[in-house]
Structure formats: structure tokens, C-alpha cells
Amino acid sequence: MGNRCLSFTAWRDWCFRNSFSKSGLKSTTTDLGDGTIMHCWVPKTHNDSNPSLLLIHGIGANALWQWNQFISPLTCHFNVYVPDLVFFGDSYTTRPERSEMFQAKCVMGLMEAHGVGKMNVVGLSYGGFVAYSMAAQFPQCFDKVVLCCAGVCLEDKDMDEGMFKVKSVDDAASILLPLTPEKMRQLVQLTFFKPIKVLPTCFLKDFIDVMCMEYQQEKKELIQALHKDRNMSDLPKITQPTQIIWGEHDQVFPLELAHRLKRLVGEKAQLVVIKDAGHAINAEKPNELYKSLKSFLIDPLNPSKQENHSNGHKVDQKGWKIGSLLGKRRE
């Protein structure tokens, strides 16, 4: 029994890889030439008649665990690119930068290497910070931007003023980058509106060993860089049509930050609040999240077919219970 439990994380990872491959994606590694190596899932065959879509994960295991449920329906409409950010999965750098601006430049370099000059982007939590930065730095490259539970408009004073459940950035990092089963349980409590109740310790330990041990210090520095000296007045404004999607009961980035972001972007922004959901909207409410993505990204491409696909795709929720609850959404 113990061995079966201990093999669960690696087995799920293999399943997700197989799922990506069956959806028409392949694993690639790109050397950006500056000490940075980027891993990305890219189309096996690029369809020139489809637009390109970039999916950027949050803080968690890797891109596989966070986007797997959405790959199959999205690849029907887009050339989908799913990178591992620097210090996640198989991406890393020897450079000292830790800002989301640096992550944005790395992903942009990766997309250029794959010959993609125009795209839509969806960023999940930390990935939303990176997506926002990409849209600000390279506005001509992005048609539409989707930001999911991404506290882009937080300010360093918000922590002192009690906006967050955690009391300090170090406390946040200890939960977002769990090294013990107890911290993993705290993470689930923090990120889900209705957390799963049964989390076997053997699985939690295995998940941490397989998914959470690498680049711990570097990931902590990424989290610290998000908060340090952050002021909204320094934030560039993006100009693309933008969809902001948020869990109603988000405890990582409270809903107030969604309203701030909508005010900042202005008339080109729409806000979708998902009911009975916390921060982990891709794990807790995947069908609702996909429905929002579809209305913003897919339906406008096929106005005459909207009625036909309104009941078409639902995200695959097989195997969701334990594996995905921990890995799919851990920002």
C-alpha cells in the first residue's frame, strides 16, 4: 500500500504528460543564450488558420498540473503554448533577476524562438503578473489578455494594513512553497473555498519530494520580488481587451485587488467573479473558468457557431480529487 501511495505523484505527472501529447502538444527545451533554459509545450503541428494562445501557470508544481484540464478543449481553437516559468519544471536561469518583468522577457524570448509574434495570453495567479508584464512590455504582440486571480495591483503597504491572511511575505512563502504535510494542508485551506478534507500524509510527503524541493530559495525570491517596494503608481497600464477572472472568496489575493485592476485597465476590462470559489479557480471551478475563457477568447472567433458550441466542451475532471487539488492550483 505504501509504495502505491508513494508512486501517485509521479504517476499523475506521467498521465498529464500523456494527456498533453494526445492533445497535440510536444515537450521542447530552448536555450535563450544568456544562461536561461526554457521548457515549453508547443504544438506538434502549427495550424496557420488558428490564433496562438499562451497559458502561464502560477506558483506550483509545473505547467502540466495547473493546465491539464483545459488543454484538450483549447487546442481545438488555438495553437497552444504552455511554458514552465523560470525555476519551475525544467526551466531555470543562472541570471540573478527575480522580477515578473524578467520572467516576461524570458517567455517572450521563448515565443520568438518558436516564431510566434502575435498571441492571446492567459495568466493564472503569479502567471498573471507575468502576463500583465508581457502585455505592458510588448503591447504589439498581444490581442487579448486574461488575468486570473492575479494581484497585480497589490502594494507593499497592503500587507501591513492587514489585507492578507498571512502576516508577512515570509509567512506567505512558507505556505505557498510547502516543505511539510502541515504546510501543504495550510496551502489547501488558504486556496480553496471548500478544501478537500482527506489528504493522506504519505501522498503529501511524496508530492513535496517530487514537486516542491527544487529551487526553493529561488522561488522564495520570486515571491519576495512581487511585493518589494510595489506601488500602483509605478504600474504601467495595459491597453489590450482584458478579462479579469476571480474567485469570490479568494484569500490569497482578495477580491478588492480585482476591482483595483479593473479600474486600472479601464473600459477595455471586464470582470468575472466566480461564485463559491477561492483562489484555486482552475481546480475548484474548472468548468466555470473554461466557460469564461470561451466567451472571451473563442466565441468571438466563431460568432455563427456560438449556439452550436455552447454545450460542447467541458473540462475533463477525471482524477481531480487528490492529485489535482494539490498540484493544479498552488499559487
Side-chain angles (χ1 to χ4, degrees), residues 53-71 73-74 78 80-85 88 100 103-104 107 119-136 142-154 176 187 190-193 223 226 235 238 240-262 264-265 268-298 315 317 320 324-325 327-331:
L53 177 63
L54 173 63
L55 302 177
I56 308 182
H57 66 82
I59 297 220
N62 57 35
L64 288 166
W65 286 69
Q66 296 184 28
W67 288 116
N68 179 65
Q69 259 48 17
F70 303 87
I71 291 301
L74 289 174
F78 298 97
V80 177
Y81 293 81
V82 194
D84 284 325
L85 293 174
F88 297 89
E100 73 258 40
Q103 291 273 18
V107 179
M119 68 205 90
N120 300 289
V121 61
V122 182
L124 202 53
S125 195
Y126 177 69
F129 285 79
V130 179
Y132 189 97
S133 183
M134 291 183 77
F142 293 91
D143 290 320
K144 290 185 175 182
V145 177
V146 182
L147 305 170
C148 306
C149 301
V152 175
C153 289
L154 70 85
L176 296 173
L187 176 65
L190 184 68
T191 54
F192 284 81
F193 176 58
I223 293 171
L226 282 185
L235 200 61
I238 61 173
Q240 298 87 350
T242 301
Q243 185 181 53
I244 301 164
I245 309 176
W246 226 270
E248 179 184 19
H249 303 284
D250 194 329
Q251 298 184 88
V252 176
F253 294 127
L255 191 56
E256 160 61 21
L257 293 174
H259 293 294
R260 276 189 202 174
L261 183 54
K262 186 175 188 304
L264 177 70
V265 178
K268 289 198 173 182
Q270 60 171 253
L271 173 60
V272 178
V273 179
I274 297 180
K275 302 289 186 186
D276 298 327
H279 186 68
I281 55 173
N282 63 317
E284 202 162 28
K285 296 286 184 177
N287 284 323
E288 288 83 350
L289 176 55
Y290 177 72
K291 183 179 177 183
S292 294
L293 295 176
K294 178 177 173 295
S295 71
F296 185 65
L297 295 174
I298 298 171
V315 277
Q317 297 193 75
W320 194 256
S324 333
L325 285 178
K328 278 274 173 204
R329 178 69 229 135
R330 302 204 2 255
E331 149 79 68

Within the 4.5 Å heavy-atom criterion, are V121 and Q240 side-chain neighbours or not? no
Nearest heavy-atom approach of A63 to D84 is N-OD1, 3.0 Å
Residue pair L147 / A131: nearest heavy atoms and the distance that separates them: CD2-CB, 4.0 Å
Kindly give the heavy-atom pair with the smallest separation between E284 and T191, and that separation in Å. OE1-O, 4.4 Å
Quick one: CD1 on I244 to NZ on K262, what's the gap to the nearest 0.5 Å? 7.0 Å
Nearest atoms (heavy-atom pairs only) where I274 meets E288: CG2-CB, 4.1 Å
Is the backbone of W65 close enough, under 3.5 Å, to the side chain of N62 for a donor and an acceptor to pair up by distance? yes
Give a yes or no on whether the backbone of H259 and the side-chain of W246 come within a donor-acceptor separation of less than 3.5 Å. no
Start with the C-alpha gap between L74 and Y290, add the side-chain angles, then the distance that decides, and say whether side-chain contact (heavy atoms from CB on, under 4.5 Å) holds. CA-CA 9 Å; L74 289 174; Y290 177 72; 3.9 Å; yes
Name the one of K268, Q270, K144 that satisfies side chain to side chain donor-acceptor pair (under 3.5 Å) with Q243? Q270
Would you indicate whether the side-chain heavy atoms of V252 and C149 approach each other to under 4.5 Å? no
Working note: L271 + L261, criterion side-chain contact (heavy atoms from CB on, under 4.5 Å); need CA distance, chi angles, decisive distance, verdict. CA-CA 9 Å; L271 173 60; L261 183 54; over 6 Å; no
Hey, can you tell me if F88 and H57 have their rings parallel, tilted or perpendicular (30° and 60° cut-offs)? perpendicular
Residue pair I238 / F142, side-chain heavy-atom distance below 4.5 Å: no
Measure the shortest side-chain to side-chain distance between V152 and S133 over non-hydrogen atoms and say whether it is less than 4.5 angstrom. no
I need the minimum non-hydrogen distance between L54 and P83, along with the two atoms involved. CD1-CD, 3.5 Å
Is there side-chain contact between H279 and S125, with heavy atoms separated by less than 4.5 Å? yes
Give a yes or no answer on whether the side chain of Q66 reaches the backbone of G58 with a donor-acceptor pair at less than 3.5 Å. yes
Spacing of CZ belonging to F129 relative to OH belonging to Y132, to within rounding of 0.5 Å: 11.5 Å
Mind checking the CE-CE spacing from M134 to M119? Nearest 0.5 Å is all I need. 5.5 Å
side-chain contact (heavy atoms from CB on, under 4.5 Å) for L293 and I298? Distances and angles first, verdict last. CA-CA 7 Å; L293 295 176; I298 298 171; over 6 Å; no
Can you see which heavy atom on C148 is nearest to which on I281, and at what distance? CB-CD1, 4.0 Å
If you define the side chain from C-beta out and look only at heavy atoms, does anything of V122 sit under 4.5 Å from F296? no
With a 4.5 Å cut-off on side-chain heavy atoms, are V145 and V265 touching? no
Please check: side-chain N/O of Q69 versus main-chain N/O of P286, any donor-acceptor pairing under 3.5 Å? no
Applying side-chain contact (heavy atoms from CB on, under 4.5 Å), run through E100 and L226 and close with a yes or a no. CA-CA 7 Å; E100 73 258 40; L226 282 185; 3.6 Å; yes
Does L124 reach the side chain of W67, with side-chain heavy atoms less than 4.5 Å apart? yes
Is a donor on one side and an acceptor on the other found under 3.5 Å between the side chain of D250 and the backbone of L255? no
Would you call the rings of F193 and H249 parallel, tilted or perpendicular, where under 30° means parallel and over 60° means perpendicular? parallel
